[in-house]
Protein chains: 2
Amino acid sequence: MLKEERQQTILSVVELHNRILLTDIAESLDVSIDTIRRDVKELDAENKLKKVHGGAISLGFTTNSVKNQNIYRLEQKTRIAEKAITLLKDGSVIFVDGGTTCNELARLIPSNLDLTCFTHSIPVAMELLAKPNVTVILIGGQVSKESQISIGANAIHNLSEIKVDYSFIGTGYVDSFYGLTEFDWDIVQVKKAIIKCSKKTVLLSISEKLNSQHRYKSCDINAINTMITELEPENELLNSFRNHDIRIL
Amino acid sequence: MLKEERQQTILSVVELHNRILLTDIAESLDVSIDTIRRDVKELDAENKLKKVHGGAISLGFTTNSVKNQNIYRLEQKTRIAEKAITLLKDGSVIFVDGGTTCNELARLIPSNLDLTCFTHSIPVAMELLAKPNVTVILIGGQVSKESQISIGANAIHNLSEIKVDYSFIGTGYVDSFYGLTEFDWDIVQVKKAIIKCSKKTVLLSISEKLNSQHRYKSCDINAINTMITELEPENELLNSFRNHDIRIL
DNA sequence: TTGAATCATGCAAATGTAGGCAATAAATTG
DNA sequence: CAATTTATTGCCTACATTTGCATGATTCAA
């Protein structure tokens with residue numbers, strides 16, 4: 001039997017049954033297990049199936065049922081969150097925005113830290129509930145499906161009635177000249193309200209977003225008191241932000 | 001059975017039932033509990049599910065009050081939720097309470113149903129966000145750690161400004177004479193506000209809670225318009241509720 | 001606080017894997 | 001066609017992974 005022919009057979013069996021055992025296929029094709037192993041290794045390298053210990057699995061079988069909720073640039077965001085946490089101390093009253101970076105911040109808050117956290121983000125609230133010493137106060141309102149945060153008049157009104165020490169916010173786009181901008185008008189309105197209710201505003205943003213802009217403006221760049229990226233503070237990519245009285249971490 | 005295959009199976013079961021017991025899975029897949037434990041540990045490390053003592057829960061369903069991991073009760077609650085959903089039609093404006101039963105209701109809402117849902121429960125909001133045709137409006141306020149719902153003056157105030165067709169509520173305890181009661185005073189205040197803002201109130205309760213009572217009272221039993229348990233409506237356990245003008249499903 | 005359930009750990013048996021080697025088959029080249 | 005190179009295959013050995021079990025630690029609920 002030709003190698004090519006054998007590999008085709010292996011593929012069809014995998015497609016048909018979603019999986020095979022190397023021993024089974026070796027027996028049914030009457031070749032040695034080593035040959036099959038080599039075949040499967042090649043097919044795996046060609047991305048035609050997935051080789052696992054003792055057998056192989058159809059690609060569709062794995063990718064369909066596993067939800068890939070990989071967070072983009074998670075390591076950078078973790079680094080940012082770690083820096084942000086150094087700003088917190090017992091008794092702080094803070095606001096935490098939505099988005100994956102702020103979510104990471106919420107997740108990494110040490111459980112012995114005594115905080116009062118406001119948030120309008122459902123995932124952030126969820127994370128914060130796991131911290132025994134954090135008082136969580138939810139800002140209600142209509143919830144945006146994509147961003148999973150409360151938006152709209154009600155949310156903005158509620159924000160107008162509070163005052164926090166720090167707010168930690170994310171942004172869609174940030175530029176040293178154009179400031180913080182977003183794609184979505186409703187989000188911008190909420191961001192404005194958040195900045196208004198904060199004594200100090202901390203921007204969390206991965207460096208990839210630097211020097212980008214979009215349609216609607218949340219605030220000028222000098223509305224930001226502290227800016228945190230995953231970069232070292234000295235990095236030259238941050239140069240254009242230095243003459244704005246912004247503390248860079 | 002391949003390890004990979006087994007792990008896929010575990011994942012699907014977790015997605016399907018929201019939670020599993022390691023012992024159940026081990027038995028149904030006919031491998032040792034140790035193997036399942038190791039699998040779940042790996043899947044947890046890969047962030048595909050959350051491992052808890054004695055079992056695992058789906059990530060999307062982080063109602064992590066560690067009790068109620070019993071699959072038997074879950075099935076009762078699923079049954080209740082299925083009945084409750086028959087009350088809904090396109091355009092309905094409803095309120096969904098917190099608790100595992102209401103969470104189940106939220107999870108099972110068909111994705112083609114057009115609804116406006118108010119809720120003060122973070123896990124419920126989370127579930128509802130997955131439904132493209134459901135408008136989610138969050139009631140804000142201080143969030144209770146155990147019950148993961150907004151409570152307090154702000155929540156109650158917000159509730160006073162809305163009116164919904166149906167509210168679906170759970171309760172800690174229910175008795176045909178003493179009505180709906182709770183262990184927690186704050187929760188009672190919110191329940192009262194919910195009932196006040198509803199044209200009709202639907203109680204969801206597993207039969208285990210029937211004829212039990214506690215310290216603080218949410219409402220008389222005849223404040224309830226419809227009552228849903230996992231039992232058949234004719235079941236004699238429900239007899240004491242029949243002379244209260246309550247529709248029993 | 002106690003007892004039962006669950007968990008982590010180490011171990012051993014079974015099974016699977018990688019890489020080297022030699023025999024054979026196939027392809028290439030002069 | 002013959003000689004040489006290359007590819008494929010099976011076998012071997014050392015090593016890695018997986019699994020179930022035993023043990024003692026930990027956790028949970030009453």
Side-chain angles (χ1 to χ4, degrees), chain A residues 1-11 13-14 17-58 61-62 111 130 132, chain B residues 1-11 13-14 17-46 48-58 62-74 100 145-147 172-173 183-184 206 208-209 212 214:
Chain A
M1 172 173 259
L2 296 174
K3 182 181 164 191
E4 187 69 15
E5 188 185 348
R6 201 177 48 235
Q7 295 197 350
Q8 281 304 322
T9 310
I10 295 174
L11 272 182
V13 175
V14 169
H17 293 107
N18 283 325
R19 56 145 217 163
I20 50 164
L21 298 179
L22 297 192
T23 48
D24 285 358
I25 201 89
E27 192 179 348
S28 74
L29 294 182
D30 198 26
V31 288
S32 83
I33 185 95
D34 303 75
T35 304
I36 297 297
R37 181 166 294 121
R38 275 184 276 240
D39 283 337
V40 167
K41 207 167 167 184
E42 280 181 32
L43 292 168
D44 180 58
E46 295 166 28
N47 262 307
K48 304 236 175 92
L49 49 68
K50 184 178 176 196
K51 183 179 181 321
V52 297
H53 192 96
I57 289 192
S58 147
F61 188 68
T62 48
S111 56
Chain B
M1 171 173 253
L2 295 171
K3 179 183 158 192
E4 195 76 19
E5 191 186 3
R6 199 179 49 236
Q7 296 194 351
Q8 291 292 338
T9 309
I10 295 174
L11 275 181
V13 176
V14 169
H17 293 297
N18 285 325
R19 49 177 86 95
I20 52 164
L21 296 178
L22 298 191
T23 48
D24 286 357
I25 269 280
E27 193 178 346
S28 73
L29 294 182
D30 198 27
V31 288
S32 82
I33 184 86
D34 304 76
T35 303
I36 297 297
R37 182 168 292 121
R38 275 184 278 238
D39 282 337
V40 168
K41 205 167 165 186
E42 278 182 33
L43 292 169
D44 181 51
E46 293 166 27
K48 305 231 174 103
L49 49 69
K50 182 165 187 229
K51 185 179 181 320
V52 296
H53 191 92
I57 56 181
S58 148
T62 7
T63 314
N64 36 13
S65 44
V66 185
K67 46 187 174 180
N68 293 333
Q69 282 175 45
N70 192 319
I71 203 161
Y72 181 59
R73 286 189 200 153
L74 174 66
T100 48
K145 280 259 166 4
E146 310 115 57
S147 48
Y173 307 85
F183 179 83
D184 190 315
I206 58 174
E208 204 174 309
K209 289 181 178 174
S212 67
H214 217 280

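Computed from a predicted model, the values in this text were never measured in an experiment. Residue numbering restarts at 1 for every chain, and letters A, B, ... go by the order of the sequence lines.
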NZ/NE/NH1/NH2 to OD/OE distance under 4.0 Å, Glu4(B) and Arg19(A): no
Whole-Å distance separating the CD1 atom of Ile36(A) from the P atom of dA18(C): 15 Å
Distance, rounded to the nearest Å, where Lys3(A) contributes NZ and dA27(C) contributes P: 13 Å
Between P of dA27(C) and CD of Glu4(A), the distance in whole Å: 13 Å
Heavy-atom check, side chain of Glu27(A) versus side chain of Thr23(A), under 4.5 Å: no
Footprint string (nucleotides 4-9 of chain C, 5' to 3'): B base within contact, S backbone only, - free, heavy atoms under 4.0 Å: --SBS-
Spacing of Gln7(B) atom CD relative to dT17(D) atom P, expressed in whole Å: 15 Å
Those residues that, when tested against Asp44(A), pass side chain to side chain contact (heavy atoms under 4.5 Å, CB included) (two or more places apart): Leu49(A), Lys51(A)
Partners meeting salt bridge (charged side-chain N to carboxylate O under 4.0 Å, His left out) with Lys48(A) (sequence neighbours left out): Glu46(A)
Separation of Ile25(A) CD1 from Arg6(A) CZ (nearest 0.5 Å): 10.5 Å
Interatomic distance where CG belongs to Asp39(A) and P belongs to dG16(C) [whole Å]: 17 Å
Spacing of CZ belonging to Arg38(A) relative to CG belonging to Leu22(A), to within rounding of 0.5 Å: 12.5 Å
Axis-to-axis angle between the two ends of the helix from dT1(C)-dA30(D) to dG30(C)-dC1(D) (five base pairs per end, rounded to 10 degrees): 50°
Residues forming a salt bridge (charged side-chain N to carboxylate O under 4.0 Å, His left out) with Glu42(A), sequence neighbours excluded: Lys3(A)
Separation of atom CG in Asp30(A) from atom C1' in dG10(D), rounded to whole Å: 12 Å
Contacts of type side chain to side chain donor-acceptor pair (under 3.5 Å), residue Ser32(A), not counting sequence neighbours: Thr35(A)
